[in-house]
Undergrad: 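My questions will all concern the structure given below.
The figures that follow rest on heavy atoms only: side chains count, while hydrogens, waters and symmetry mates do not. We number each residue from 1, following the sequence as shown.
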Amino acid sequence: MAWLKKARFLSPVEVLENPEEWDYFTDLELMKSRGSSICMTCEHFTYTCDKSCVTLLTCPLHQRLIPQGEHLSKRCRNWQRKRVLDIGLCPEIA
């Protein structure tokens, strides 16, 4: 378990500030992807719930919302491999 203490990775943007107020990605900002390089497998992908308990898919790096379903087939140019996969914890893809 000592390697866990050394392998502390932090995302460049940690705090979601009012994601309900963010705009959605447009079609021109997201690219189709046929492999595993999709929003859901990106280091920056996260999700939250709004006041009505509706799930919002978010990208804190861009401070944008991801339209429902687009996280499964598209990515942006800043896609990064999830570093938590190296230590074996990634509940979003489970």
Undergrad: Hey, what do you get for CZ (R81) to SG (C42), rounding to the nearest 0.5 Å?
TA: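 So the gap between those two atoms works out to 12.0 Å.
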Undergrad: Using side-chain heavy atoms (C-beta onward) and a distance below 4.5 Å, is F45 in contact with I66?
TA: yes
Undergrad: Could I get the full list of side-chain contact (heavy atoms from CB on, under 4.5 Å) partners for L56, not counting sequence neighbours?
TA: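 L56: side-chain contact (heavy atoms from CB on, under 4.5 Å) contacts with E20, Y24, T48, D50, T58, L65.
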Undergrad: Quick check against the 3.5 Å criterion: does E70 have a side-chain atom that pairs as donor or acceptor with the backbone of P67?
TA: no
Undergrad: Charged N to carboxylate O below 4.0 Å: is that the case for R77 and E29?
TA: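 Judged by the 4.0 Å cut-off on N to carboxylate O distance, R77 and E29 do not form a salt bridge.
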Undergrad: Output all residues satisfying side-chain contact (heavy atoms from CB on, under 4.5 Å) with D27, sequence neighbours left out; order by chain, then residue number.
TA: K74
Undergrad: In Å and rounded to the nearest 0.5 Å, what is the CZ to OG distance from R75 to S33?
TA: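 So the gap between those two atoms works out to 5.0 Å.
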Undergrad: If hydrophobic clusters are built from ILVMFWY residues whose side chains come within less than 4.5 Å, do I38 and M31 share one?
TA: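 Result: no, two separate clusters.
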Undergrad: List for me each residue that meets side-chain contact (heavy atoms from CB on, under 4.5 Å) alongside S36, sequence neighbours excluded, and say none if there are none.
TA: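 With sequence neighbours excluded, S36 shows a side-chain contact (heavy atoms from CB on, under 4.5 Å) to no residue whatsoever.
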Undergrad: Atom OG1 in T46, atom CG in L61: separation rounded to 0.5 Å?
TA: 12.5 Å
Undergrad: Using every non-hydrogen atom in the two residues, find where N78 and H44 come nearest and quote the distance to one decimal.
TA: O-CD2, 4.2 Å
Undergrad: Give me the ring orientation class for F25 and H62: parallel if the planes are under 30° apart, tilted from 30 to 60°, perpendicular past 60°.
TA: perpendicular
Undergrad: Does W79 use its side chain to pair, donor to acceptor, with the backbone of C39 at less than 3.5 Å?
TA: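 Absent.
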Undergrad: Between W22 and Q63, does the side-chain contact (heavy atoms from CB on, under 4.5 Å) criterion hold? Intermediate values first, please.
TA: CA-CA 6 Å; W22 294 351; Q63 291 194 349; 3.8 Å; yes
Undergrad: Roughly how far apart are H71 NE2 and L30 CG, rounded to 0.5 Å?
TA: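 Here the rounded value is 12.0 Å.
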